[in-house]
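Written below as structure tokens is the structure these notes are about.
Here is the naming used below: chain letters follow the sequence lines, and residue numbers restart at 1 for every chain. FYI, side chains are in, hydrogens and waters are out, and symmetry mates aren't considered; it's all heavy atoms of this structure.
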Amino acid sequence: MSLNLKNFNRSPARVFLAALPVWEVLISVERGLTHGIVIVAGLILTASFFTLFLLCFPPRLIRLSYFLWLAVMAQICSHLGGVHPLWIMSAALLMPEDIFRKELRWFGFKRALFRSVFFIVLLIYLGAARQIFSERFWVWSFYLPVGSFLLLAFASFMWQNQPGHAERYKEQVAP
Amino acid sequence: MSRALGISILRGCFFLAYVAALAFALIWARETMPLYQTIQVDANVLQLKLNDLSSSQEEIFKAPFTVNQKEIFPLYRVNERPQEGQRKHELIACAFQVNGETLYGPFELLLLTDMSGYLLHVSAIHHSQPLGTDQLFRENSLIFESILMSQDALRNEFYPRPQVLGAPQISAAVAESVREGLLFFDRHASEIAALHPYASELPFKAPEPERSLIGQIIDTINPLDTGAGDEPQSEEF
């Protein structure tokens with residue numbers, strides 16, 4: 001097994017990583033939907049703002065501006081939307097790095113939109129899995145965040161061991 | 001050169017305006033919104049919970065009565081056709097509230113015990129916990145399930161606290177308040193049994209069957225061994 005860390009910023013595994021900060025509070029479909037909507041709204045607002053006004057900022061102060069923006073957004077939207085304050089970590093992890101490059105910023109904006117769709121679906125699925133397995137089937141692991149981890153581990157195991165997987169992905173694995 | 005300088009100055013002004021707008025938004029948010037998001041529950045949630053607990057039509061909660069400054073909600077099984085020696089309103093359980101406080105905020109629990117002191121149900125009525133720890137207070141949560149299972153140990157002085165991952169302080173506070181509630185019930189069980197609204201209700205006693213009119217006539221004509229006909233005649237007759 002090898003992990004190509006070089007292109008990790010462009011990897012779809014970023015979506016799973018972005019779900020980690022709010023993983024603990026995803027106990028139902030409603031909460032998954034709420035967090036998904038607030039995080040994706042914050043992400044799209046941030047991405048569109050910095051895509052449009054990137055050229056207006058002094059180049060050396062872009063990172064600082066981004067940090068201040070995240071801090072204020074975290075304060076406001078966690079109160080307005082009733083979500084966990086760490087939602088801003090998810091939004092920051094979902095944000096593509098290409099947004100802050102002049103040439104690639106529209107490409108980064110598309111990538112942010114693309115990720116947000118996957119992310120909101122993932123949160124709803126995680127909340128639904130925990131709600132169903134804990135309240136319907138009384139599996140005690142799913143009262144805790146570890147239940148969703150177990151489910152994802154099982155899914156990834158099945159994905160890795162599907163027939164013909166190694167041959168199909170042989171060329172993409174780094175030597 | 002001058003054009004580049006002008007652009008730099010414009011960019012700097014934009015940055016200053018941006019920072020000012022952010023600061024204004026932050027101050028506005030801090031002034032208008034509370035620091036922590038707390039979950040407020042409806043005022044009639046207690047009544048809804050009591051309705052849920054009395055699942056069948058025969059089991060109903062009556063108005064609360066006070067024992068040692070604590071409101072007790074009695075749960076009766078109503079026997080519409082009581083048998084011999086059975087009360088019409090039979091006290092089977094009682095519900096009451098206990099209060100507690102964690103590091104994050106206060107909470108109120110609803111306990112339901114049967115009359116032998118066995119804990120049947122624990123759930124939260126109100127709590128003011130931040131998001132993330134509030135899920136420990138939902139129905140059938142890990143804390144409440146473990147408390148129901150270890151309630152005998154809770155009555156002891158050195159009880160083993162229920163261990164819940166991630167929130168030992170919350171579970172300890174909940175267990176402590178439940179323990180106080182159980183000890184309260186143990187101390188005042190006899191008072192509760194004596195003071196509840198239907199305590200003075202007498203057990204059902206079946207009335208003696210009345211004879212029909214034909215039976216009474218037959219009795220007067222052909223008296224049996226009851227001695228009805230053997231009475232001496234009055235002097236007037």
If you count the non-hydrogen atoms of other residues, nucleotides and ligands that lie under 6.0 Å from [atom1] in [X], is the total more than 12?
{"X": "A:F100", "atom1": "CZ", "answer": "yes"}
{"X": "B:F65", "atom1": "CZ", "answer": "yes"}
{"X": "B:Q83", "atom1": "CD", "answer": "no"}

Relative to chain B, which of A:W140, A:W138, A:F53 shows the most heavy atom pairs under 4.5 Å?
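That would be A:W140.
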
Using a cut-off of under 4.5 Å for heavy-atom pairs, which of A:L86, A:L64, A:V72 has the most such pairs with chain B?
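Heavy-atom pairs under 4.5 Å are most numerous for A:V72.
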
Would you compute the distance between atom CZ of B:F15 and atom CZ of A:F57 and round it to the nearest 0.5 angstrom?
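Going from CZ on B:F15 over to CZ on A:F57, the span is 7.5 Å.
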
Working to the nearest 0.5 angstrom, can you tell me the gap between B:R138 CZ and A:S28 OG?
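Nearest 0.5 Å value for the CZ-OG distance: 8.0 Å.
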
Name the orientation class of the two ring planes belonging to A:F49 and B:Y18 (parallel below 30°, tilted from 30 to 60°, perpendicular beyond 60°).
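Parallel, since the angle between the ring planes stays under 30°.
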
How far apart are the closest heavy atoms of B:R11 and A:L55, and which atoms are they?
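Reported closest heavy-atom pair: NE-O, 2.9 Å.
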
Identify the residues of residues 114-123 of chain B whose heavy atoms come closer than 4.5 Å to a heavy atom of chain A, ordered by number, or report 'none'.
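Contacts with chain A: none.
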
